Number of protein chains: 2
Amino acid sequence: MASKPSVAQFKAQAQVFKALAHPGRLLMVEELSRGERCVCELAALVGSEMPTVSRHLSQLKNAGIVDDDKRGAQVFYRLVTPCVMNFFQCVASVRRKQT
Amino acid sequence: MASKPSVAQFKAQAQVFKALAHPGRLLMVEELSRGERCVCELAALVGSEMPTVSRHLSQLKNAGIVDDDKRGAQVFYRLVTPCVMNFFQCVASVRRKQT
DNA sequence: GGATAACTTAGCCAATTGGCGAAGTCTGTC
DNA sequence: GACAGACTTCGCCAATTGGCTAAGTTATCC
């Protein structure tokens with residue numbers, strides 16, 4: 001049944017790649033690979049306003065890449081699919097081919 | 001030196017993900033994983049006009065994912081970094097977490 | 001050389017994305 | 001209850017993306 005993927009499947013897959021197709025979001029994902037972080041920490045990391053970062057995180061969450069956990073007044077995000085970290089090696093080799 | 005990736009590196013990485021962040025382009029990449037194809041074959045596959053497909057392919061080429069080879073009047077594209085195919089398994093597991 | 005076919009490039013338009021500040025929600029403190 | 005801090009949601013805007021048709025290139029066939 002995986003032999004002939006439907007258009008809907010490709011659309012859903014593209015959604016995941018789209019979530020990763022932003023330097024700030026990649027930076028956050030890498031940071032989250034080292035442990036959970038609250039929104040304000042990530043905002044300081046990428047140097048954007050909190051509303052902006054919050055929207056980026058909700059995109060990642062919507063794509064199924066991260067999950068959030070509200071504790072008190074803070075919201076902590078964590079990487080829920082660590083296998084995306086494997087992408088970076090391949091992407092690095094892709095970039096090596098760019099002239 | 002890979003311990004503290006720069007903003008420029010993340011931008012370049014995001015470019016690769018951006019190239020994959022489109023259902024039609026994913027479909028083409030998967031087709032190319034089974035062998036080289038000319039533009040007209042890919043156009044028929046995704047059901048778009050040839051100029052549209054040509055631009056998608058130049059995006060993939062620009063990202064370093066595919067390469068082209070002009071033979072006569074036709075241009076054949078092939079996957080130059082097959083490791084991107086490994087992404088699909090992980091992405092599938094990501095999607096499984098989407099509610 | 002003229003006609004056709006395969007692509008690419010250019011120009012145009014609608015739709016999406018990404019950033020911000022303002023406003024709203026929720027939690028803990030006084 | 002009033003207030004402050006952490007987030008999220010909401011408008012608004014500029015910039016990018018994605019599709020098409022039209023026009024330009026290059027190779028093949030006659």
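Computed from a predicted model, the values in this text were never measured in an experiment. Throughout, a chain's letter reflects where its sequence line sits, starting with A, and its residues are numbered from 1.
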Nucleotide N/O of nucleotides 8-11 of chain C paired with protein N/O under 3.5 Å:
| from | atom 1 | to | atom 2 | distance (Å) |
| --- | --- | --- | --- | --- |
| C:dT8 | OP1 | B:Y77 | OH | 2.9 |
| C:dT8 | OP2 | B:S54 | OG | 2.4 |
| C:dT8 | O5' | B:S54 | OG | 3.2 |

So which protein nitrogen or oxygen atoms get under 3.5 Å of nucleotides 3-5 of chain C's nitrogens or oxygens?
none

Which atoms form the tightest heavy-atom contact between A:A43 and A:V53, and what is the distance?
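Heavy-atom minimum between the residues: CA-CG2, 3.6 Å.
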
Separation of [N] [atom2] from [X] [atom1] (nearest whole Å):
X	N	atom1	atom2	value
B:Q15	D:dT17	CD	C1'	12 Å
A:F17	D:dT17	CZ	P	18 Å
A:N62	C:dT17	CG	C1'	15 Å
B:L27	D:dG18	CG	P	15 Å
A:E49	D:dC10	CD	C1'	16 Å
A:L60	D:dC7	CG	C1'	16 Å
A:Q74	D:dG5	CD	P	13 Å
A:R37	D:dC7	CZ	P	14 Å

When rounded to the nearest 0.5 angstrom, what is the spacing between NZ in A:K18 and CG in B:L20?
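Atom-to-atom, A:K18:NZ and B:L20:CG are 12.5 Å apart.
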
Rounded to the nearest 0.5 Å, how far apart are CG of B:L42 and OG1 of B:T52?
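It comes to 13.0 Å.
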
Please examine the side chains of A:V91 and B:V84, heavy atoms only from C-beta on, and report whether any two atoms are closer than 4.5 Å.
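Answer no - side chains too far apart.
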
| query | Which residues pass the side-chain contact (heavy atoms from CB on, under 4.5 Å) test with A:P51, sequence neighbours left out? | reply |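 Applying side-chain contact (heavy atoms from CB on, under 4.5 Å) to A:P51 gives A:E49.
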
Within the structure, does a side-chain N or O atom of [X] lie under 4.0 Å from either OP1 or OP2 of [N]?
X	N	value
A:H22	C:dT16	no
A:H56	C:dG19	yes
B:Q59	D:dG18	yes

Legend entry - Pairs meeting criterion salt bridge (charged side-chain N to carboxylate O under 4.0 Å, His left out) with involvement of residues 8-17 of chain B, two or more places apart: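 Those involving residues 8-17 of chain B do not exist here.
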
> What's the verdict on side chain to side chain contact (heavy atoms under 4.5 Å, CB included) for B:E31 and B:V29, showing C-alpha distance, side-chain angles and the deciding distance?
Replying inline: CA-CA 5 Å; B:E31 180 70 13; B:V29 167; over 6 Å; no

- Query: With a 4.0 Å cut-off on heavy atoms, is A:R71 in touch with a base, just the backbone sugar-phosphate, or nothing at all?
  - Reply: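 Nothing, no nucleic acid heavy atom in range.
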
Side-chain atoms of residues 64-75 of chain A: list all donor-acceptor pairs with protein atoms under 3.5 Å, sequence neighbours left out, distances to 0.1 Å.
| from | atom 1 | to | atom 2 | distance (Å) |
| --- | --- | --- | --- | --- |
| A:D68 | OD1 | A:K61 | NZ | 3.2 |
| A:D68 | OD2 | A:K61 | NZ | 3.2 |
| A:D69 | OD2 | A:R71 | NH1 | 2.6 |
| A:R71 | NH2 | A:E36 | OE2 | 2.5 |

| field | Sequence neighbours excluded, every pair satisfying disulfide bond (SG atoms under 2.5 Å apart) that has a member inside residues 41-86 of chain B | value |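 Passing the test, one end in residues 41-86 of chain B: A:C90-B:C83.
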
